[in-house]
Amino acid sequence: MGFPLNILFAGITDDGQQSVVSVCYEPAPETLRDDPDRKEMRYFTKPKNGYSVRVIFEKSGGRWLTKKFKGRKLIRTAFGSTFEQAMIHTTMSGLEAAELR
């Protein structure tokens, strides 16, 4: 059970001309925590813009959970019974405008 090398959020902007935009979140290995109940790590944008994603594996239920934050404010939660399901639900909502700054 490993964690992703990065998490990519993508979307389309329409400011007179459609264009594809993306923001990549990179792991912060120093945030890795592993205890009997869960394993988790945080991901941050580079350069940092105040957004982060926490990826959690709940060992007892075998469930993956993600929490996306803007600063300390929780803005999105997603989960799945597999890592792939959790990541699809995490990234499918795209980007917030402020994330691109």
Side-chain angles (χ1 to χ4, degrees):
M1 162 208 29
F3 285 86
L5 296 177
N6 59 48
I7 300 170
L8 184 68
F9 287 83
I12 297 175
T13 62
D14 192 358
D15 50 358
Q17 179 179 332
Q18 286 189 345
S19 57
V20 175
V21 293
S22 64
V23 174
C24 186
Y25 286 72
E26 297 183 356
E30 68 277 8
T31 66
L32 179 65
R33 303 287 180 261
D34 192 355
D35 65 39
D37 299 321
R38 64 191 335 173
K39 186 173 183 177
E40 66 179 75
M41 186 163 40
R42 287 191 79 131
Y43 290 73
F44 296 94
T45 58
K46 202 169 199 173
K48 290 185 178 180
N49 63 5
Y51 286 82
S52 66
V53 175
R54 204 165 125 200
V55 177
I56 303 160
F57 177 71
E58 296 174 340
K59 295 177 180 179
S60 62
R63 182 174 86 151
W64 289 90
L65 173 69
T66 62
K67 296 182 177 191
K68 187 174 181 181
F69 295 87
K70 180 179 182 181
R72 294 180 184 262
K73 181 181 177 187
L74 178 64
I75 59 172
R76 190 169 300 120
T77 301
F79 63 90
S81 58
T82 66
F83 172 76
E84 291 78 13
Q85 285 179 348
M87 286 298 108
I88 287 169
H89 292 286
T90 300
T91 58
M92 71 187 300
S93 58
L95 296 161
E96 293 193 347
E99 238 172 312
L100 298 170
R101 297 183 193 127

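Along the sequence shown, residues carry numbers from 1.
Linking Ile, Leu, Val, Met, Phe, Trp and Tyr whenever their side-chain heavy atoms come within less than 4.5 Å leaves Tyr43 and Phe69 in two separate clusters. Note: the hydrophobic cluster containing Val21 also contains Ile7 (ILVMFWY, side chain heavy atoms under 4.5 Å, direct or indirect links). Hydrophobic cluster membership is shared by Val53 and Leu95, with clusters built from Ile, Leu, Val, Met, Phe, Trp and Tyr side chains linked at under 4.5 angstrom.
Taking Phe83 as the reference, Trp64 meet the ring-ring contact (aromatic ring centres under 6.0 Å, His included) condition, with sequence neighbours excluded. In this structure Asp37 satisfies the side chain to side chain donor-acceptor pair (under 3.5 Å) test with no other residue, sequence neighbours excluded. Scanning for side-chain contact (heavy atoms from CB on, under 4.5 Å) contacts around Ile75 gives Tyr51, Lys68, Lys70, Lys73, Glu96, with sequence neighbours left out. Taking Ala28 as the reference, Glu30, Thr31, Phe44 meet the side-chain contact (heavy atoms from CB on, under 4.5 Å) condition, with sequence neighbours excluded. Remark: Ser19 engages Thr13 in a side chain to side chain donor-acceptor pair (under 3.5 Å) (not counting sequence neighbours). Residues satisfying the side chain to side chain donor-acceptor pair (under 3.5 Å) criterion with Asn49, sequence neighbours excluded, are Thr45. A search for side-chain contact (heavy atoms from CB on, under 4.5 Å) contacts involving Thr82 returns Glu84, Gln85, not counting sequence neighbours. Residues satisfying the side chain to side chain donor-acceptor pair (under 3.5 Å) criterion with Glu26, sequence neighbours excluded, are absent altogether. With sequence neighbours excluded, the residues satisfying ring-ring contact (aromatic ring centres under 6.0 Å, His included) with Phe9 are Tyr25.
Ion pairing between a basic and an acidic side chain is recognised when a charged N comes within 4.0 Å of a carboxylate O; Arg33 and Glu40 show no such pairing.
Summarising the geometry of Thr91 relative to Leu8, their closest heavy-atom pair is CG2-O, 3.5 Å, with the distance given to 0.1 Å. The shortest non-hydrogen separation linking Arg76 to Ser93 is NE-OG, 2.8 Å. Smallest separation of non-hydrogen atoms from Ala78 and Ala86: CB-O, 4.2 Å.
Residues Met41 and Leu32 form a side-chain contact, since some pair of their non-hydrogen atoms from C-beta on lies under 4.5 Å apart. Annotation: side chain of Val55 is not in contact with side chain of Thr90 (no heavy-atom distance under 4.5 Å).
Under a 4.5 Å side-chain heavy-atom cut-off, the cluster of Ile, Leu, Val, Met, Phe, Trp and Tyr residues that includes Met92 has no other member. Other residues sharing a hydrophobic cluster with Leu5 under the 4.5 Å side-chain heavy-atom criterion for ILVMFWY residues do not exist; the residue is a singleton. With side-chain heavy atoms closer than 4.5 Å counting as contact, directly or through intermediates, the hydrophobic cluster containing Ile56 also holds Leu65, Phe79.
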